[in-house]
A.B. asks: 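Please read through the structure below; I'll follow up with questions.
FYI, the numbering just counts along the sequence from 1. Small disclaimer: the values here were computed from a predicted structure and weren't measured. Note that ligands are numbered from 1 as they come in the structure, with each ligand's atoms numbered from 1 the same way.
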Amino acid sequence: MTESKSASTSVTKSVALVTGGSRGIGRGICLSLGQLGWRVVVNYAGNMTAAEECVKMVKDAGGDAIAVQGDIGVAADRARLVEQAFAWGGRVDLLVNNAGITSIVRADILDQQEDHFDRLIAVNLKGPFFLTQAVSKRMIEQSPDDSGTRGQIVIVSSISAYAASTNRGDYCIAKAGLAMTTQLYAARLAELGIRVYEIRPGIIATDMTGPVKAKYDALIAGGLTPIKRWGQPSDIGRAIAAVARGDLPFSTGEVLNVDGGFHMRTL
Ligand code: NAP
């Protein structure tokens with residue numbers, strides 16, 4: 001029986017594509033990969049300054065990077081992103097579907113506007129589904145490593161995949177859909193040498209949660225999460241590093257809860 005590739009041999013040629021890599025959780029992921037010596041395609045939507053800053057940080061950490069603009073909610077942008085990623089990297093060993101937006105308006109589901117719903121679903125659900133489809137088709141063509149791995153895919157969902165927030169219904173629906181997207185691709189791609197994981201962050205300190213900081217400060221202090229602190233982008237980065245190193249070779253379709261224990265029911 002062939003042993004799985006060890007952590008130390010998995011970092012030499014590796015290329016990652018991280019959507020929404022410019023800020024927040026995505027930046028934490030890019031930095032972790034940089035520390036492992038990876039080459040990282042840092043995708044962003046509009047904030048080029050933040051993306052360039054992230055590229056520099058990845059290089060300073062010991063990796064290499066380029067910034068590629070592209071709206072994950074737009075098919076033509078996804079196609080261009082994939083072309084540019086493979087042209088620069090020669091291959092993609094890890095796709096991280098991280099880019100996402102919060103509800104355009106936090107409104108009761110009884111008042112949900114259809115155009116807002118459509119845009120959120122395009123970016124947060126349809127985009128990752130079709131980007132995963134496009135990248136996995138190219139991964140299948142890549143030569144496998146010693147353990148038979150052709151690539152790995154991570155989908156960043158949320159505790160909102162199962163926790164209902166009636167004023168962010170579109171967001172919750174998209175994240176629940178990502179959970180099934182993970183299961184579907186994990187089942188389809190396993191025999192082709194591609195493993196797929198879902199990372200479910202809890203409450204993480206980023207620009208996205210900035211506007212609701214006071215609310216979550218109080219909830220966390222009141223015991224919402226067993227580990228009483230905000231999560232940091234580096235917490236997600238460290239989980240990604242475990243995947244990137246190949247430390248989960250006999251798992252696929254797995255959910256990694258990085259949430260301070262929020263998902264547990266306690267009595
Ligand atoms: P953030 O601070 O708002 O950063 C969002 C990132 O996504 C930025 O890099 C942004 O690019 C990019 N982006 C936004 N729309 C995009 C689009 N249409 N196409 C491509 N890139 C796009 O958000 P975050 O908190 O880091 O969240 C990252 C992911 O984690 C999201 O999927 C979010 O749902 C999920 N999540 C977050 C939390 C949390 O508590 N923060 C919890 C659970 C899950 P620009 O810099 O160009 O704007």
Side-chain angles (χ1 to χ4, degrees), residues 17-31 40-55 57 65 67-78 80-82 84-85 95-104 118-131 154-163 165 168 170-179 181-182 198-213 215-217 219-220 224-225 229-237 239-240 255-260 262-263:
L17 166 53
V18 181
T19 68
S22 49
R23 293 184 289 118
I25 290 173
R27 181 181 286 198
I29 290 168
C30 291
L31 277 182
V40 185
V41 178
V42 179
N43 160 251
Y44 68 102
N47 194 335
M48 189 169 74
T49 306
E52 294 295 355
E53 206 173 84
C54 182
V55 164
M57 291 168 89
V68 179
Q69 190 280 333
D71 184 336
I72 293 305
V74 174
D77 282 24
R78 289 194 298 271
R80 181 172 47 77
L81 173 62
V82 172
Q84 287 184 240
L95 165 65
V96 183
N97 290 286
N98 164 75
I101 55 174
T102 190
S103 296
I104 294 164
D118 286 347
R119 172 64 181 158
L120 187 135
I121 294 296
V123 174
N124 287 16
L125 180 56
K126 188 176 165 188
F129 178 89
F130 283 104
L131 187 68
V154 172
I155 293 180
V156 177
S157 65
S158 168
I159 52 178
S160 298
Y162 59 85
S165 299
R168 292 187 297 137
D170 46 6
Y171 186 83
C172 295
I173 290 166
K175 294 301 186 183
L178 286 181
T181 301
T182 306
E198 177 188 348
I199 291 189
R200 270 185 202 164
I203 300 157
I204 312 294
T206 68
D207 293 342
M208 185 181 278
T209 46
V212 285
K213 181 174 182 308
K215 172 187 166 183
Y216 285 121
D217 278 347
L219 287 171
I220 291 167
L224 180 71
T225 53
R229 68 165 172 87
W230 280 77
Q232 298 299 322
S234 59
D235 290 313
I236 314 300
I240 288 281
V255 179
L256 304 179
N257 293 288
V258 187
D259 63 355
F262 175 87
H263 65 282

A.B. asks: Looking at every non-hydrogen atom in both residues, tell me the closest pair between Ala99 and Gly20 and how far apart they are.
C.D. replies: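 Heavy atoms only, the tightest pair is CB-N, 3.6 Å.
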
A.B. asks: List the atom of Val96, the atom of Ile29, and the distance in Å for their closest heavy-atom pair.
C.D. replies: CG1-CD1, 3.9 Å

A.B. asks: Determine yes or no for a side-chain-to-main-chain donor-acceptor pair under 3.5 angstrom, with Asn124 supplying the side chain and Ile101 the backbone.
C.D. replies: yes

A.B. asks: Pull out every atom of ligand 1 sitting under 4.0 Å from any heavy atom of Gly70, numbered as shown with elements.
C.D. replies: 19 (N), 20 (C)

A.B. asks: Would Asp207 and Arg27 pass as an ion pair if we require N to O under 4.0 Å?
C.D. replies: no

A.B. asks: Which residue and atom name correspond to the protein heavy atom nearest atom 14 (C) of ligand 1, and how close is it?
C.D. replies: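 The closest heavy atom on the protein side is Gly100 O, 3.8 Å.
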
A.B. asks: Is it the case that atom CE in Met208 sees more than 12 heavy atoms from other parts of the structure closer than 6.0 Å?
C.D. replies: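 Result for CE/Met208: enclosed.
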
A.B. asks: Looking only at protein heavy atoms, which one is nearest to atom 44 (C) of ligand 1, and what is the separation?
C.D. replies: Ser157 O, 3.1 Å

A.B. asks: Between Arg119 and ligand 1, find which residue part has any heavy-atom pair under 4.0 Å and reply side chain, backbone, both or neither.
C.D. replies: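 Side chain only; the backbone of Arg119 stays clear of ligand 1.
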
A.B. asks: What part of Asn43, side chain from CB on, backbone N/CA/C/O, both or neither, has a heavy atom under 4.0 Å from ligand 1?
C.D. replies: side chain

A.B. asks: Please work out whether any backbone atom (N, CA, C, O) or any side-chain heavy atom from C-beta onward of Ala50 is under 4.0 Å from ligand 1, and answer side chain, backbone, both or neither.
C.D. replies: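 For Ala50, no heavy atom sits under 4.0 Å from ligand 1.
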
A.B. asks: For atom 22 (C) of ligand 1, what is the nearest protein heavy atom, given as residue, atom name and distance?
C.D. replies: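 In this structure, atom 22 (C) of ligand 1 has Ala45 CB, 3.5 Å as its nearest protein heavy atom.
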
A.B. asks: Step by step, work out the side chain to side chain contact (heavy atoms under 4.5 Å, CB included) result for Val82 and Leu131.
C.D. replies: CA-CA 8 Å; Val82 172; Leu131 187 68; 3.6 Å; yes

A.B. asks: Which protein heavy atom lies closest to atom 31 (C) of ligand 1, and at what distance to 0.1 Å?
C.D. replies: Asn98 O, 3.2 Å

A.B. asks: Where is the tightest heavy-atom contact between Ser160 and Lys175, given as atom of each residue plus distance?
C.D. replies: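 Closest pair (atom of Ser160, atom of Lys175, distance): C-CB, 4.0 Å.
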
A.B. asks: Using a 4.0 Å cut-off to any heavy atom of Asp71, which atoms of ligand 1 qualify?
C.D. replies: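 Every atom of ligand 1 under 4.0 Å from some heavy atom of Asp71: 17 (C), 18 (N), 19 (N).
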
A.B. asks: What protein heavy atom lies closest to atom 40 (O) of ligand 1? Include the residue and the distance to one decimal.
C.D. replies: Ile204 N, 2.9 Å

A.B. asks: Within the distance-only criterion (no hydrogens, no angle test), does the side chain of Asn43 pair as donor or acceptor with the backbone N or O of Val18 below 3.5 angstrom?
C.D. replies: no

A.B. asks: So Tyr162 and Phe262, would you call those rings parallel, tilted or perpendicular, with 30° and 60° as cut-offs?
C.D. replies: tilted

A.B. asks: Looking only at protein heavy atoms, which one is nearest to atom 6 (C) of ligand 1, and what is the separation?
C.D. replies: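 Answer for atom 6 (C) of ligand 1: Gly20 O, 3.7 Å.
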
A.B. asks: Identify, by atom number and element, the atoms of ligand 1 in contact range of Asn47, meaning under 4.0 Å from any of its heavy atoms.
C.D. replies: 45 (P), 46 (O), 47 (O)

A.B. asks: Quick one: nearest non-hydrogen protein atom to atom 27 (O) of ligand 1, plus distance?
C.D. replies: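 For this ligand atom, the closest protein heavy atom is Met208 CE, 3.9 Å.
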
A.B. asks: Consider ligand 1: state whether an atom of it lies below 4.0 angstrom from any non-hydrogen atom of Thr19.
C.D. replies: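 Thr19 does not count as a contact of ligand 1 under the 4.0 Å cut-off.
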
A.B. asks: Between Tyr216, Tyr44, Tyr171, which one has a non-hydrogen atom sitting closest to atom 33 (C) of ligand 1?
C.D. replies: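 Among Tyr216, Tyr44, Tyr171, the closest heavy atom to atom 33 (C) of ligand 1 comes from Tyr171.
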
A.B. asks: Can you tell me if Asn98 uses its side chain to pair, donor with acceptor, with the backbone of Val156 under 3.5 Å?
C.D. replies: no

A.B. asks: What is the nearest protein non-hydrogen atom to atom 21 (N) of ligand 1, stated with its residue, atom name and distance?
C.D. replies: Ala99 CB, 3.5 Å

A.B. asks: Could you tell me whether ligand 1 has any atom less than 4.0 Å away from a heavy atom of Lys175?
C.D. replies: yes

A.B. asks: Using a strict cut-off of 4.0 Å, indicate which atoms of ligand 1 neighbour a heavy atom of Gly202.
C.D. replies: 38 (C), 40 (O), 42 (C), 43 (C)

A.B. asks: Evaluate Ile72 against Asp77 for side chain to side chain contact (heavy atoms under 4.5 Å, CB included), listing each step before the verdict.
C.D. replies: CA-CA 7 Å; Ile72 293 305; Asp77 282 24; over 6 Å; no

